[in-house]
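All remarks here apply to the structure that follows.
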Amino acid sequence: MLFKRIENKEIESAKKLYEIWQESYIVEKELLGAVDFPPLNRLASDFMKSENDFQGLYEKKELLGVIEIAQKLNSVHLQSLVVDPNHFRKGIATKLINKVYDSYPSTTYTVETGNSNIPAKKLYESLGFKKCKVWIAEFGIEKIKYEKNEGRISKIYRLP
């Protein structure tokens with residue numbers, strides 16, 4: 001398996017992101033019983049405009065999963081995590097999250113999911129994430145936010 005940064009500003013890459021988002025998030029929409037599910041509304045052009053980083057996990061030329069990373073001042077937010085439904089329950093998500101730990105060192109990592117998404121909640125909790133907030137999103141889905149504190153320093157600032 002190969003990890004590779006996905007150049008989301010390129011049209012072909014953005015189309016691939018759109019495709020895997022549609023395939024993965026339609027499953028989550030059904031799992032949550034959602035009527036309106038904003039991740040399914042993202043267009044290829046939205047991926048091209050994003051300032052987030054996208055890391056993909058490939059086997060040969062097949063894209064198995066993608067993690068979208070938003071770097072904040074004092075933390076790293078796992079904005080999205082999608083896996084091709086043909087590869088669910090194969091450890092792809094865990095490998096992608098571990099890639100983030102290796103490539104984006106930080107003291108704090110955060111992630112959100114639907115509170116009814118039991119597989120995602122089990123994954124995050126198994127990796128040491130702790131529940132920090134539950135709320136109803138504006139589109140009517142109950143969400144949960146997790147946080148993981150690593151105790152690592154992402155940058156050292158020296159005063160002049």
Side-chain angles (χ1 to χ4, degrees), residues 1-10 13-14 16-18 20-21 24-25 27-29 31-32 34 37-42 46-59 63-84 87-139 141-160:
M1 290 190 195
L2 170 71
F3 288 103
K4 183 177 161 190
R5 185 179 192 290
I6 298 174
E7 300 299 332
N8 59 296
K9 305 288 186 203
E10 297 173 0
S13 295
K16 279 296 225 191
L17 290 169
Y18 172 80
I20 197 167
W21 250 249
S24 182
Y25 276 124
V27 175
E28 186 170 359
K29 178 184 177 189
L31 184 68
L32 298 174
F37 198 59
L40 287 171
N41 300 334
R42 281 178 99 174
D46 296 323
F47 289 103
M48 292 179 74
K49 294 174 195 170
S50 178
E51 295 302 318
N52 294 336
D53 288 346
F54 295 84
Q55 294 284 339
L57 181 61
Y58 294 82
E59 189 167 66
L63 181 59
L64 307 179
V66 178
I67 193 161
E68 178 180 7
I69 304 109
Q71 293 188 56
K72 311 280 184 183
L73 182 61
N74 296 313
S75 67
V76 171
H77 182 65
L78 309 180
Q79 184 71 37
S80 298
L81 175 59
V82 295
V83 175
D84 180 321
H87 298 282
F88 281 179
R89 313 279 185 275
K90 294 181 180 178
I92 305 300
T94 300
K95 287 180 172 116
L96 287 164
I97 292 170
N98 285 331
K99 175 66 173 174
V100 171
Y101 296 153
D102 292 341
S103 301
Y104 300 84
S106 180
T107 56
T108 304
Y109 297 90
T110 59
V111 66
E112 299 171 5
T113 192
N115 200 25
S116 298
N117 188 340
I118 303 305
K121 290 171 59 173
K122 283 183 178 180
L123 169 70
Y124 300 132
E125 291 168 8
S126 75
L127 294 172
F129 283 86
K130 304 291 183 208
K131 176 175 77 170
C132 62
K133 179 181 176 183
V134 176
W135 76 102
I136 303 292
E138 63 185 54
F139 44 90
I141 295 173
E142 185 175 61
K143 292 192 70 177
I144 185 168
K145 181 176 182 176
Y146 286 97
E147 183 174 286
K148 181 175 182 177
N149 295 302
E150 286 289 294
R152 294 192 264 180
I153 298 173
S154 58
K155 293 182 181 177
I156 297 174
Y157 295 95
R158 292 195 171 92
L159 298 174

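- K95 pairs by the side chain to side chain donor-acceptor pair (under 3.5 Å) definition with nothing, not counting sequence neighbours.
- The two residues N74 and S106 come nearest to each other via the heavy atoms O-OG, 3.9 Å.
- Side-chain contact check for Y109 and N149: no donor-acceptor pair (N or O, by modelled atom type) lies under 3.5 Å.
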Residue pair T108, V76: steps toward the side-chain contact (heavy atoms from CB on, under 4.5 Å) verdict: CA-CA 6 Å; T108 304; V76 171; over 6 Å; no
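- Between the NZ atom of K99 and the CD1 atom of I69 there is a distance of 9.5 Å, given to the nearest 0.5 Å.
- Salt bridge absent: E147 and K145 never bring a charged side-chain N and a carboxylate O closer than 4.0 Å.
- A distance of 12.5 Å separates CG in L123 from CD1 in I118, rounded to the nearest 0.5 Å.
- The shortest side-chain heavy-atom distance between N41 and D46 does not fall under the 4.5 Å cut-off.
- When side chains are defined from C-beta on, F3 does not count as touching D102, because their heavy atoms never get closer than 4.5 Å.
- The side chain to side chain contact (heavy atoms under 4.5 Å, CB included) search around K72 returns A70, S75, H77, not counting sequence neighbours.
- Residue pairs meeting the side-chain hydrogen bond (donor to acceptor under 3.5 Å, both in side chains) criterion with at least one partner in residues 126-135, sequence neighbours excluded, do not occur; the list is empty.
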Walk me through whether Y104 and Q71 qualify under side-chain contact (heavy atoms from CB on, under 4.5 Å). CA-CA 8 Å; Y104 300 84; Q71 293 188 56; 3.1 Å; yes
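- Residue pairs meeting the salt bridge (charged side-chain N to carboxylate O under 4.0 Å, His left out) criterion with at least one partner in residues 108-117, sequence neighbours excluded, are E112-K143.
- Residues D53 and E68 are not in side-chain contact: their nearest non-hydrogen atoms beyond the backbone lie 4.5 Å or more apart.
- Taking the ring centre of Y18 as origin, the terminal cationic atom of R42 falls outside the region bounded by 6.0 Å and 45° from the ring axis.
- When all heavy atoms of G114 and I141 are compared, the pair lying nearest together is CA-CG2, 4.5 Å.
- Under the rule for a side chain to side chain donor-acceptor pair (under 3.5 Å), N98 has no partner lying at least two apart in sequence or in another chain.
- Evaluation of the side chain to side chain contact (heavy atoms under 4.5 Å, CB included) rule for S116 yields L32 as partners, not counting sequence neighbours.
- Contact between F88 and V83 at its shortest, heavy atoms only, is CE2-O, 3.1 Å.
- Checked against salt bridge (Lys or Arg N to Asp or Glu O under 4.0 Å), D84 has no partners two or more places apart in sequence or in another chain.
- Annotation: side chain to side chain donor-acceptor pair (under 3.5 Å) contacts of Q79 (sequence neighbours excluded): none.
- Residue Q55 comes nearest to I6 through the heavy atom pair C-CD1, 4.4 Å, listed as atom of the first residue, atom of the second, then distance.
- Atom NZ of K4 has 12 or fewer neighbouring heavy atoms from other residues, nucleotides or ligands inside a 6.0 Å radius.
- Applying the side chain to side chain contact (heavy atoms under 4.5 Å, CB included) rule to Y25 yields the partners W21, E28, F37, P39, L40, S80, V82; only residues at least two apart in sequence or on another chain are considered.
- Atom CD1 of I92 is separated from atom CG of L81 by 10.5 Å, given to the nearest 0.5 angstrom.
- Rounding to the nearest 0.5 Å gives a distance of 9.0 Å between CG of N8 and CZ of F47.
- No side-chain heavy atom of L78 sits under 4.5 Å from any side-chain heavy atom of T110.
- Contacts of E10 classified as salt bridge (Lys or Arg N to Asp or Glu O under 4.0 Å), with partners at least two apart in sequence or in another chain: none.
- No side-chain heavy atom of F54 sits less than 4.5 Å from a side-chain heavy atom of E7.
- Counting heavy atoms from C-beta on, the side chains of V66 and L96 never come closer than 4.5 Å.
- Within the 4.5 Å cutoff, the side chain of L57 has no heavy atoms near those of the L63 side chain.
- Enclosure of atom NZ in K148 by more than 12 non-hydrogen atoms of other residues, nucleotides or ligands within 6.0 angstrom is indicated.
- K121 pairs by the salt bridge (Lys or Arg N to Asp or Glu O under 4.0 Å) definition with nothing, not counting sequence neighbours.
- With a 4.5 Å cut-off on side-chain heavy atoms, I20 and L64 do not count as touching.
- Every residue meeting the side chain to side chain contact (heavy atoms under 4.5 Å, CB included) condition with K9, not counting sequence neighbours, appears here in chain and number order: E51.
- Here Y124 contributes atom OH and T94 contributes atom OG1; the two are 10.0 Å apart, rounded to the nearest 0.5 Å.
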